Novice: 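Take a look at this one; I'll ask things after.
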Number of protein chains: 2
Amino acid sequence: MKRYRKIGFKLTPQRLAILDCLEGNTSHPSAEDIYRRLKKKFPTMSFATVYNTLDALTRKGEILEITIDPERKRYDPNTQPHHHLICNKCKKIVDVTINFKVTIPERFRRSFEILGNHIEFYGLCRECKKKGG
Amino acid sequence: MKRYRKIGFKLTPQRLAILDCLEGNTSHPSAEDIYRRLKKKFPTMSFATVYNTLDALTRKGEILEITIDPERKRYDPNTQPHHHLICNKCKKIVDVTINFKVTIPERFRRSFEILGNHIEFYGLCRECKKKGG
DNA sequence: ATTTTTGTTAAGAATTATTCTAATGAAGAG
DNA sequence: CTCTTCATTAGAATAATTCTTAACAAAAAT
């Protein structure tokens with residue numbers, strides 16, 4: 001619960017609400033998703049606070065900013081290296097916590113220090129497939 | 001050269017210029033990069049034309065819209081399935097035209113029809129590493 | 001060779017996502 | 001209590017992209 005303290009920034013009610021909203025959330029919400037969900041509880045909550053907090057958390061490595069949806073940034077509280085499955089139709093994003101071995105040849109490593117990788121699988125989720133692609 | 005005809009849309013001078021600018025271009029330019037480069041030759045060129053054309057080409061499958069840079073869309077004339085290497089620092093994107101075998105377990109395939117995948121390798125390019133990360 | 005249709009362009013307005021700014025406020029240090 | 005620091009808010013500003021509209025040009029139909 002209050003393992004949040006170790007993040008090392010001031011825990012305000014707004015920030016706690018954002019953290020709670022993110023905790024275990026596998027829906028990869030955008031800033032707006034979070035804002036919309038939170039303003040019920042905090043009608044005075046500002047967009048800037050959501051952006052500031054998400055930015056602070058990203059810089060502290062507590063969450064990941066994911067760049068899959070061309071329309072907006074999305075955030076993922078799961079900071080373990082993992083991959084994603086994206087529905088081309090509804091843009092739903094599903095976590096794939098499997099470790100794939102993809103090794104890039106030496107010739108690339110000579111000009112680039114590789115620090116990690118991320119695989120996006122794309123396709124059609126069952127719901128969208130039913131409705132016809 | 002005029003294999004462009006088969007694309008099946010009207011080939012105007014502006015569109016030809018955009019196509020030429022893209023042809024064999026491995027720099028993954030953004031709409032603005034293209035616009036800036038083209039308005040020298042076509043001072044009357046409008047941003048809207050660049051966006052419309054990129055959009056039309058994307059829908060026709062002639063180019064790919066790539067969603068790696070959180071700030072803007074970038075375009076890639078290489079429509080063969082391939083992967084990318086991104087420098088965390090300067091955001092340079094390099095093509096990796098290697099076929100990796102990444103097979104996702106059956107349990108994912110049951111709820112998702114997988115149509116493809118894209119691997120992003122991220123790290124530091126030589127130049128940025130020299131300057132110190 | 002006109003007319004009609006269809007699709008393209010340019011300019012700028014509009015929209016959307018995000019960042020910045022300035023004023024205010026709360027919490028902790030002294 | 002007063003000072004300092006950092007967070008919050010509202011709203012302005014910015015940046016990327018999309019939309020709208022009018023003028024236009026090529027192709028198709030007459």
Side-chain angles (χ1 to χ4, degrees), chain A residues 2 4-22 28-60 62-76 91 93, chain B residues 2 4-22 28-60 62-76 91 93:
Chain A
K2 265 46 180 193
Y4 289 149
R5 268 183 215 302
K6 73 174 186 313
I7 299 177
F9 72 168
K10 208 180 276 184
L11 279 177
T12 64
Q14 291 88 337
R15 287 179 167 185
L16 271 172
I18 293 172
L19 282 161
D20 278 351
C21 180
L22 247 12
H28 310 83
S30 67
E32 198 188 358
D33 293 335
I34 294 170
Y35 174 68
R36 266 208 309 275
R37 202 166 131 188
L38 260 46
K39 77 175 163 199
K40 291 171 197 160
K41 205 177 269 187
F42 290 81
T44 97
M45 166 85 68
S46 145
F47 238 122
T49 300
V50 176
Y51 277 110
N52 286 341
T53 304
L54 290 173
D55 190 54
L57 290 170
T58 303
R59 275 184 287 101
K60 284 173 188 300
E62 292 292 319
I63 61 176
L64 296 176
E65 188 180 286
I66 60 186
T67 306
I68 284 183
D69 182 342
E71 306 312 317
R72 60 189 63 63
K73 290 176 188 164
R74 287 156 165 266
Y75 296 88
D76 192 337
K91 309 303 174 192
I93 300 175
Chain B
K2 267 46 181 193
Y4 290 150
R5 269 184 214 301
K6 72 173 187 315
I7 299 177
F9 72 168
K10 206 181 278 185
L11 279 176
T12 63
Q14 291 88 337
R15 288 179 167 186
L16 270 172
I18 293 172
L19 283 161
D20 279 350
C21 180
L22 246 12
H28 309 83
S30 67
E32 198 188 359
D33 293 334
I34 293 170
Y35 173 68
R36 267 209 309 274
R37 202 166 131 188
L38 260 46
K39 77 174 164 200
K40 291 171 195 160
K41 206 177 270 187
F42 291 80
T44 97
M45 167 83 69
S46 146
F47 238 122
T49 300
V50 176
Y51 276 112
N52 286 341
T53 303
L54 290 173
D55 190 53
L57 289 170
T58 303
R59 274 184 288 101
K60 284 174 188 299
E62 291 293 319
I63 61 176
L64 296 176
E65 188 180 286
I66 60 186
T67 307
I68 284 183
D69 182 342
E71 306 312 317
R72 61 189 64 63
K73 291 176 188 166
R74 287 155 165 267
Y75 294 88
D76 192 337
K91 308 303 174 193
I93 301 176

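What you are looking at is a predicted structure, and each value in this text was computed from that prediction instead of being measured. Per chain, numbering begins at 1; letters A, B, ... match sequence-line order.
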Novice: Rounded at 0.5 Å granularity, tell me how far CG in A:L19 sits from CG in A:L11.
Specialist: 7.0 Å
Novice: Apply side-chain contact (heavy atoms from CB on, under 4.5 Å) to the pair B:T49 and B:Y35, showing each step before the final yes or no.
Specialist: CA-CA 9 Å; B:T49 300; B:Y35 173 68; over 6 Å; no
Novice: Please report the distance, rounded to the nearest Å, between CZ in A:F9 and C1' in D:dT5.
Specialist: 16 Å
Novice: OP1 or OP2 of D:dT8 versus the side-chain N and O atoms of A:T12: is any pair under 4.0 Å?
Specialist: yes
Novice: Contacts to DNA chain D from residues 32-46 of chain A, heavy-atom cutoff under 4.0 Å, which residues?
Specialist: A:T44, A:M45, A:S46
Novice: May I ask you to test the A:L22-A:L54 pair for a side-chain heavy-atom distance under 4.5 Å?
Specialist: yes
Novice: Does the side-chain contact (heavy atoms from CB on, under 4.5 Å) test come out yes or no for A:E65 and A:Y75, once each step is laid out?
Specialist: CA-CA 5 Å; A:E65 188 180 286; A:Y75 296 88; 3.9 Å; yes
Novice: What does the B/S/- profile of nucleotides 18-26 of chain D look like, 5' to 3', with a 4.0 Å heavy-atom cutoff to protein?
Specialist: BB-------
Novice: Could you check how far CZ of A:R59 sits from C1' of C:dT19, rounded to whole Å?
Specialist: 13 Å
Novice: CZ of A:R74 versus P of C:dT16: gap in Å, rounded?
Specialist: 17 Å
Novice: Taking CG from A:L54 and C1' from D:dA7, how many angstroms apart are they, rounded to a whole number?
Specialist: 15 Å
Novice: Test side-chain contact (heavy atoms from CB on, under 4.5 Å) on A:E71 and B:K73; report intermediate values, then the result.
Specialist: CA-CA 9 Å; A:E71 306 312 317; B:K73 291 176 188 166; 4.0 Å; yes
Novice: Please determine whether a side-chain nitrogen or oxygen atom of A:R15 lies at a distance below 4.0 Å from atom OP1 or OP2 of D:dT8.
Specialist: yes
Novice: D:dA16 P sits how many Å from A:R72 CZ, rounded?
Specialist: 17 Å
Novice: For a quick test of reading the model, state the closest non-hydrogen atom pair linking A:I18 to A:V50 and the distance between them.
Specialist: CD1-CA, 3.9 Å
Novice: Under 4.0 Å between a Lys/Arg side-chain N and an Asp/Glu carboxylate O for B:R59 and B:D55?
Specialist: yes
Novice: How long is the line joining CG of A:L11 and C1' of C:dA26, in whole Å?
Specialist: 14 Å
Novice: Quick check: does any side chain N or O of B:R15 sit under 3.5 Å from a backbone N or O of B:K10, one acting as donor and the other as acceptor?
Specialist: yes
Novice: Quick one about A:D33 and A:S30 (side-chain donor to acceptor, distance below 3.5 Å, no hydrogens or angles considered), yes or no?
Specialist: yes
